[in-house]
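Hydrogens, waters and symmetry mates play no part in the numbers below; they use all other heavy atoms, side chains included. Residue numbers count from 1 along this sequence.
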Amino acid sequence: MNARARSVLLGLGLGVAPILLLDLAATLRASHVADPGGTSFWWVVACYLGTGALSALGLMLGSRDRLLAGVALVVLLVGVAPWTPVAGLDRLSELPLVPFGSGGLDAIGIGFALVGAYAYVLIRGSRT
């Protein structure tokens, strides 16, 4: 596989996976609140740990490959942009892969932290 195509696909995956894991954590948290005996809260913790592990992997790979970091940054920006106080970006929340609003403030905070981390890695490159 071409190196650029691999970087783009990995960037897409590493940008989308945290969004999906944070959405799953929100769904599991709501399920646990509705029926504490049905779903263990440890699954929510596992989703957050998975998000952290994937993000660490993405940041490590992104420090060597700026295209990967750029693609992941763009995907995460599309995810968090509707919750910024900029007019006109609220239309992005209609996209099917932008679930941060349902995840609560913790998911939005994690999304913004990941955007900042990928931006830092993109700017610094392999010097990090």
Side-chain angles (χ1 to χ4, degrees):
M1 178 182 281
N2 186 357
R4 286 187 179 189
R6 186 186 75 228
S7 295
V8 169
L9 288 176
L10 276 173
L12 283 173
L14 290 170
V16 169
I19 293 173
L20 293 177
L21 279 173
L22 290 171
D23 188 45
L24 178 62
T27 303
L28 290 172
R29 185 182 323 116
S31 174
H32 178 73
V33 168
D35 182 19
T39 303
S40 174
F41 191 73
W42 289 107
W43 286 111
V44 178
V45 174
C47 288
Y48 283 120
L49 289 174
T51 301
L54 280 174
S55 301
L57 175 69
L59 293 172
M60 183 185 70
L61 292 175
S63 68
R64 296 185 198 128
D65 187 1
R66 287 190 173 189
L67 180 62
L68 184 145
V71 170
L73 176 66
V74 168
V75 170
L76 286 166
L77 274 174
V78 168
V80 298
W83 288 272
T84 57
V86 178
L89 293 179
D90 55 348
R91 306 264 333 195
L92 287 174
S93 65
E94 297 172 7
L95 292 174
L97 216 69
V98 185
F100 279 126
S102 64
L105 289 177
D106 54 345
I108 295 170
I110 291 170
F112 278 111
L114 287 176
V115 165
Y118 275 110
Y120 178 78
V121 166
L122 185 64
I123 291 169
R124 293 286 295 184
S126 62
R127 296 177 288 176
T128 57

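Using a 4.5 Å heavy-atom cutoff, the side chains of Leu28 and Leu24 are in contact. Between Ile123 and Tyr120, every side-chain heavy-atom pair lies at or beyond the 4.5 Å cut-off. Contact annotation: the side chain of Tyr48 never approaches that of Leu21 to less than 4.5 Å [non-hydrogen atoms, C-beta and beyond]. At a threshold of 4.5 Å between non-hydrogen side-chain atoms, the residues Leu68 and Val8 do not count as touching.
Put simply, Val74 and Leu67 are part of two different groups of oily side chains (I, L, V, M, F, W, Y) that touch within less than 4.5 Å, one to the next.
What you find for Gly15 and Val75 is that their closest heavy atoms are C-CG1, 3.5 Å. A pairwise comparison of heavy atoms in Phe41 and Arg29 identifies CE1-CG, 4.3 Å as the closest pair. Closest approach of Leu54 and Ala17 over heavy atoms only: CD1-CB, 3.6 Å. Here the closest heavy-atom approach between residue Val71 and residue Leu12 is recorded as CG1-N, 3.5 Å. Residues Thr51 and Pro18 come closest through the heavy atom pair CG2-CB, 3.9 Å.
The backbone N or O of Val121 sits nowhere less than 3.5 Å from a side-chain atom of Arg66 that would complete a donor-acceptor pair.
Residues that satisfy the side-chain contact (heavy atoms from CB on, under 4.5 Å) test with Asp35, not counting sequence neighbours, are absent from this structure. In this view, Thr39 and Ser31 satisfy the side chain to side chain donor-acceptor pair (under 3.5 Å) rule, not counting sequence neighbours. Applying the side chain to side chain donor-acceptor pair (under 3.5 Å) test to Ser7 and every residue at least two apart in sequence or in another chain returns Asp65.
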(message) The test is side-chain contact (heavy atoms from CB on, under 4.5 Å); show your working for Tyr118 and Leu77 and say whether it passes.
(response) CA-CA 10 Å; Tyr118 275 110; Leu77 274 174; over 6 Å; no

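Atom-to-atom distance recorded for Leu59:CG and Leu14:CG is 9.0 Å, nearest 0.5 angstrom.
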